[in-house]
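Since the structure comes first, as structure tokens, the remarks are kept for the end.
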Amino acid sequence: MSESLSALLYLVAAVCFIMALRGLSSPDTARAGNLYGIIGMAIAILTTLASPYVVSYWLIAVGLVIGGAVGAYIARQIQMTALPQLVAAFHSLVGLAAVCVATAAFAAPEAYGIGMRGAIHPSSLIEMAIGLTIGAITFSGSVVAFAKLQGVVSGRPLVFPGQHLINLALGILLIALIVLFVMTEASSVFALLVLLSLAFGFLLIVPIGGADMPVVISMLNSYSGWAASGIGFTLSNSLLIITGALVGSSGAILSYIMCKGMNRSIINVILGGFGTEGGAAPAAAGAGDRLVKSGSAEDAAFILKNASSVIIVPGYGMAVAQAQHALREMADMLKKDGVKVSYAIHPVAGRMPGHMNVLLAEANVPYDEVFELDEINRDFASTDVAFVIGANDVTNPAAKTDPTSPIYGMPILDVERAKTVLFVKRSMASGYAGVENELFYRDNTMMLFGDAKKMCEEIVKALD
Amino acid sequence: MADPASLAQRAGELAGDAGALAHNLDTLSQQLALATQQGVHAGTPFVFELTVFVLAVFVGYYVVWRVTPALHSPLMSVTNAVSSVIIVGALIAAGPVGLSFSKLMGFVAVTLAAVNIFGGFIVTQRMLQMFQRKK
């Protein structure tokens, strides 16, 4: 296949990828979008296989079959609650693949037409070093994120004195090494660059707590894109450059949206340590002497039945308790009784962007009943019941009223404006941010203590 | 004066000079060609690639802002699948005949990227299948 023909086909693949992202603007077009993505990838792979550089196929076939089988198996088996760690694991693979490709290009540059061993073009060396570094950071960072999300290690942020200084020093050292590598083109510097980048990625994610995981995953998503772009520059392949840029900017935008959802700056998130201070101590101080109204499933069923409109506010706790199916059943019964039911999703509900929407969709909640914060926040004032299940911080009015609160300024769902607020919670414990929610003590709030799934099932029984 | 022998010698020398000159010219033109080639390789394509990159960032920016927040999870998994297009570089590394270190690296990268491609697209498909309208 001639160079220009394959370049043309790569362009077609790039357009397919853009169409894949474009399709996601609405659920109606999203499935077609995914198909575009698959077609684009098939074109890219077949074009490369037909290029004169690729003459031996057996090892490639083995890799494709093994990788494809593993990937397909995992993707079919995975629970939707475990989606964040799956995505983190996948990011790490992209990072590692980038490292492997950069290593291959370094070992056999003539295959890519970027010079000879020991005499690689300087510009290619710079691009190679950058692609390699970002790839290695993506890999080790994603592995840490995966371990935290999977619960292999504690989600608590790991902070130690001098952390930021060490990271800064490491960052400077990395840049120095890249310069040294470009000048010497030595294998030892290459290896050192890989090792230090891996350490840097590890140290970068370790101090970031579980609550900030949506940002971390988006950030790593972005990195994996930049790594692909870096490799694209090295190999002078515009398809890789374009795709990497698309993915990189997509991840960056998601990080931005997540940060805004928590009113945190990206720098603040990266520096880490959020969710360590405060904790249980201040919560215990006020809890003892203030009155909390708690109710049973029957009380809740009575209130819900007599409401004309209900807004359900699900949080990650609902997903942990696997309560989404029971919740949908409850909503179905209410709808049958003529109650208007809708769902309100906070931008950072769940452990990754849009996670809650997927979990609700999995429980067959129609997507036109699910609303984003901006769309539904005004409706709380005219709603009879706000049913908060497994969410806490995202409803805390302290974010609007208390400038000393760690979550001050975070956009929240105005559940307190509803006539009655029902809070399904296991205990009075504070949320991720370690802040107490004064909503629990309001007159129009009723606490429903118990497991989210059990509570929903009991309410369903009581509604019958 | 000019005996044929020395004339022939002069002619021979001149011919040699001309040959050397021609040889010089040849290497010079070769060097020039190489230099232009390298110049093209080091300068212009980089600017061209940077142009492509920057434009693609803008395309990504505007396309992604139009993605509905409800589909941010599928967006993430599909971008993840798509970024495995890095397999293109891996295939070239794994393509030559005979075994070598770079071929092995290429094989590993092909396998990793394949996990991602199949896994990413299938899990996206699974998610999108769940999003249904009110019946």
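To find a chain, count down the sequence lines: A is the first, B the second, and so on, and within it residues start at 1. For the numbers below, each heavy atom of this structure counts, side chains included, while hydrogens, waters and symmetry mates do not.
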Go through the atoms of [X] and report whether side chain, backbone, both or neither lie under 4.5 Å from a heavy atom of chain B.
| X | result |
| --- | --- |
| A:Ile217 | both |
| A:Gln77 | backbone |
| A:Leu235 | side chain |
| A:Ser250 | both |
| A:Ile345 | neither |
| A:Val62 | both |
| A:Glu372 | side chain |
| A:Ile241 | both |
| A:Ser218 | both |

For residues A:Leu59 and B:Leu99, report the shortest heavy-atom separation together with the two atoms involved.
CD2-CD2, 4.4 Å
On a heavy-atom basis, which atom in A:Val94 and which in B:Ser84 lie closest, and how many Å separate them?
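The answer is CG2-OG, 4.1 Å.
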Check whether any side-chain heavy atom of [X] lies under 4.5 Å from a side-chain heavy atom of [Y], and answer yes or no.
| X | Y | result |
| --- | --- | --- |
| A:Leu21 | B:Val78 | yes |
| A:Pro366 | B:Arg133 | no |
| B:Val63 | A:Leu246 | no |
| B:Gln132 | A:Asn364 | no |
| B:Thr68 | A:Leu24 | no |
| A:Met352 | B:His72 | no |
| B:Phe118 | A:Tyr73 | no |

Non-neighbouring partners of B:Val115 that pass side chain to side chain contact (heavy atoms under 4.5 Å, CB included), sequence neighbours left out
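Listed in chain order: A:Val70, A:Phe90, A:Leu93.
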Measure [X] against the heavy atoms of chain A and call it side chain, backbone, both or neither at under 4.5 Å.
| X | result |
| --- | --- |
| B:Leu55 | neither |
| B:Val82 | both |
| B:Ile86 | both |
| B:Phe53 | both |
| B:Ile87 | side chain |

How are the rings of A:Tyr256 and B:Trp65 set relative to one another: parallel (under 30°), tilted (30 to 60°) or perpendicular (over 60°)?
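Geometry flag for B:Trp65 against A:Tyr256: perpendicular rings.
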Is it the case that atom OH in A:Tyr36 sees more than 12 heavy atoms from other parts of the structure closer than 6.0 Å?
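Atom OH in A:Tyr36 is not crowded, with 12 or fewer foreign heavy atoms closer than 6.0 Å.
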Heavy atoms of other groups near B:Phe58 CZ, more than 12 under 6.0 Å:
no
Please answer whether the main-chain N or O of B:Ile92 pairs with a side-chain N or O of A:Tyr112 as donor and acceptor at a distance below 3.5 Å.
no
Are the side chain of B:Ser73 and the backbone N or O of A:His355 linked by a donor-acceptor pair below 3.5 Å?
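It does hold such a pair.
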